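Contents: one structure, followed by commentary.
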Amino acid sequence: MIRFTNVFKAYSRNVLALRDVSFHIAKGEFVFLTGHSGAGKSTALKLIYAEEFPTSGEVRVSGYVTSQLKRSEIPRLRRRLGIVFQDFRLLEDRTAEENVAFALEVTGARRSTIGPKVMRVLAQVGLAAKALAYPRELSGGEQQRVAIARALVNDPLVLLADEPTGNLDERAARGVFQLLRDINASGTAVIMATHNLELVRQTPYRVIELQEGAVVYDSAVDEPGKGAVLP
Amino acid sequence: MTLTVREALLAFRRAPLLSALSITTIAFALFVVGLFGLVALNLRRALMGVEERVEIVVYLMRGTPVEVATMAISDIQAFPEVAEVRYVTEDEALERARRELVEFQGLLGDLQVNPLPASLEISLKPGFRDTEHVRQVAERLQGFRFAEDIRYGRDWLEKLDRLRDIAGIVGLAIGAAFAVASIIIIGTTIRMGVLHRSREIAIMRLVGATDGFIRRPFLLEGALKGAAGGALAVALNYAAYVTVDRLVFDSVFYEPPQALLIVLFGTALGFAASAVSVRRHLKRI
Ligand SMILES: Nc1ncnc2c1ncn2[C@@H]1O[C@H](COP(=O)(O)OP(=O)(O)OP(=O)(O)O)[C@@H](O)[C@H]1O
Ligand SMILES: [Mg+2]
């Protein structure tokens, strides 16, 4: 479903963010992307959602080669992805409900279908009771749940999460992580970039570790027994 | 479409202060342009008042029969430049002199014979009231055998020509400068609004909004701001006009279509400024 083939990414002549990265992520997989700060985790995710394009090599997402997409085709790709960030990126002047609905309105969904769908995902992330709250009225963990609900509302193939627990305390982080596991359990692939090695060690999921832009460890390749955990 | 309208209106509700600020800024920029237009309008009217006095007088030879004069009048009336021809008989000329030259009343009253000639007073249509045209008409009039003398204040006409040229050039330059300034101000104001929402735009793109979807509410918002600013500017201009008209001197205001033009100018500018700002912004991300 997502395939990197000999991907190099240079931001400028002296910043090489990814070096010869190749991997394949299947439908329904849960994958951790780990590595020190500056290792290239966010860059790898950006290449998936076509915010950046490989300098050489090829990134394929659900059949599309990202570098061959026209600008006008990128929104179509993004609607099949759910994206979550450390800083939530909610619209401050819209309620939780409106933030989630927004991702549907963008696709031109019919109004009558929006309401029920929004309530369904808000219930799924455990925030049905806070549908009318504004982001500033929500805790960090709750805000991240709204962001996850927004990412889910279009039934994505894969949820991309860039340090989703980075701004949260231990408890909230655990809750959000559990939510991602549940989402994965119901069939959605999840790719989560994280620093939190403890979480990584405690779970049986596949780990891809980057170091200075290169893949130095991929549990699916190096320890085939471990990465095969599928729901 | 309804979504576009809703998003554009929401933008006003979400940032009422910024919206009010940009509308006021646009209004003041257009107010200055409008004020300049008013000054130009009133100056032109004053100039027209002066121009109306441009006149060619043909003095007829003594003894020119009335029938000849009448025929000549219809000939002259057929000149494309001519608005009106008035026949002033010898008696009328004397009458007028008595009325207007009060100092010589005694002298004129005692006359046995009328020394004043009959004349044709020819006024020209607007657009022909300059030295060049007046001279052409005068030359043609010279061809009439009964024309003894032809008069048309040449010096005065040349001054009027110069005044007209200067007013035209200065008006165009200042008007253009004001228009450009207002374009820059409006462009900057709209751009501020776009930057204010750059985070929102980034999030829209992230969840898969097309460029068109992102752009549309901004275009509508820009057009609405421009229209509101334009309408406010017209209202301010009207207030300025009423004040001047009442306290300083008699003046005129825009005809409704002209006032509408200011509103449309604002609308178009707001729309165009939004289009440029959003396009530039989207190109960078
Ligand atoms: N837009 C950019 N322009 C130039 N250089 C960039 C850009 N984004 C990232 N980089 C560089 O690319 C390298 C990889 O960055 P990236 O953000 O992918 O790392 P990361 O693994 O996500 O780090 P962190 O854990 O701190 O988020 C870094 O050296 C970074 O400085
Ligand atoms: Mg990062």
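Every chain is numbered from 1, with letters handed out A, B, ... down the list of sequences. Scope of the values below: all heavy atoms of this structure, side chains included, with no hydrogens, waters or symmetry mates. Computed from a predicted model, the values in this text were never measured in an experiment.
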> Around B:Lys159, counting heavy atoms of other residues, nucleotides and ligands shown, do more than 12 lie under 6.0 Å from its NZ?
Replying inline: no
> Atom CZ in A:Phe102, atom CG in B:Leu3: separation rounded to 0.5 Å?
Replying inline: 8.0 Å
>> Using every non-hydrogen atom in the two residues, find where B:Leu206 and A:Ile83 come nearest and quote the distance to one decimal.
In response: O-CD1, 3.9 Å
> By a 4.5 Å heavy-atom criterion (distance strictly below it), what part of A:Ile74 contacts chain B: side chain, backbone, both, or neither?
Replying inline: neither
>> Using a 6.0 Å cut-off, check whether atom CZ of B:Arg44 has over 12 heavy atoms from anything other than its own residue.
In response: no
>> I'd like to check the salt bridge (Lys or Arg N to Asp or Glu O under 4.0 Å) partners of B:Glu132; sequence neighbours left out, ordered by chain and number.
In response: B:Arg135
>> Filter on salt bridge (Lys or Arg N to Asp or Glu O under 4.0 Å), then keep only pairs touching residues 225-253 of chain B, sequence neighbours left out; what's left?
In response: B:Glu221-B:Lys225
Give every donor-acceptor pair between chain B and chain A closer than 3.5 Å, one pair per line, or write none.
{"residue": "B:Arg6", "atom": "NH2", "partner": "A:Glu105", "partner atom": "OE1", "Å": "3.3"}
{"residue": "B:Arg6", "atom": "NH2", "partner": "A:Glu105", "partner atom": "OE2", "Å": "3.0"}
{"residue": "B:Glu7", "atom": "OE1", "partner": "A:Arg94", "partner atom": "NH2", "Å": "2.8"}
{"residue": "B:Glu7", "atom": "OE2", "partner": "A:Arg94", "partner atom": "NH1", "Å": "3.0"}
{"residue": "B:Arg14", "atom": "NE", "partner": "A:Asp93", "partner atom": "O", "Å": "3.2"}
{"residue": "B:Arg199", "atom": "NH2", "partner": "A:Leu90", "partner atom": "O", "Å": "2.2"}
{"residue": "B:Arg199", "atom": "NH2", "partner": "A:Glu92", "partner atom": "OE2", "Å": "3.4"}
{"residue": "B:Glu200", "atom": "OE2", "partner": "A:Arg94", "partner atom": "NH2", "Å": "3.1"}
{"residue": "B:Arg205", "atom": "O", "partner": "A:Arg78", "partner atom": "NH1", "Å": "3.1"}
{"residue": "B:Gly208", "atom": "O", "partner": "A:Arg79", "partner atom": "NE", "Å": "2.8"}
{"residue": "B:Gly208", "atom": "O", "partner": "A:Arg79", "partner atom": "NH2", "Å": "3.0"}
{"residue": "B:Asp211", "atom": "OD1", "partner": "A:Arg71", "partner atom": "NH2", "Å": "3.4"}
{"residue": "B:Asp211", "atom": "OD2", "partner": "A:Arg71", "partner atom": "NE", "Å": "2.6"}
{"residue": "B:Asp211", "atom": "OD2", "partner": "A:Arg71", "partner atom": "NH2", "Å": "3.3"}
{"residue": "B:Leu282", "atom": "O", "partner": "A:Arg71", "partner atom": "NH2", "Å": "3.0"}

> Does atom CZ of A:Phe8 have more than 12 heavy-atom neighbours from other groups under 6.0 Å away?
Replying inline: yes
> Hey, is CG on B:Leu17 packed in by over 12 heavy atoms from elsewhere, all under 6.0 Å?
Replying inline: no
> Which residue pairs satisfy the salt bridge (Lys or Arg N to Asp or Glu O under 4.0 Å) criterion with at least one member in residues 163-177 of chain B, sequence neighbours excluded?
Replying inline: B:Glu51-B:Arg164, B:Asp161-B:Arg164
> Do other residues, nucleotides or ligands put more than 12 heavy atoms under 6.0 Å from B:Phe28 CZ?
Replying inline: no
> Shortest non-hydrogen contact from B:Gly208 to A:Pro75?
Replying inline: O-CB, 3.3 Å
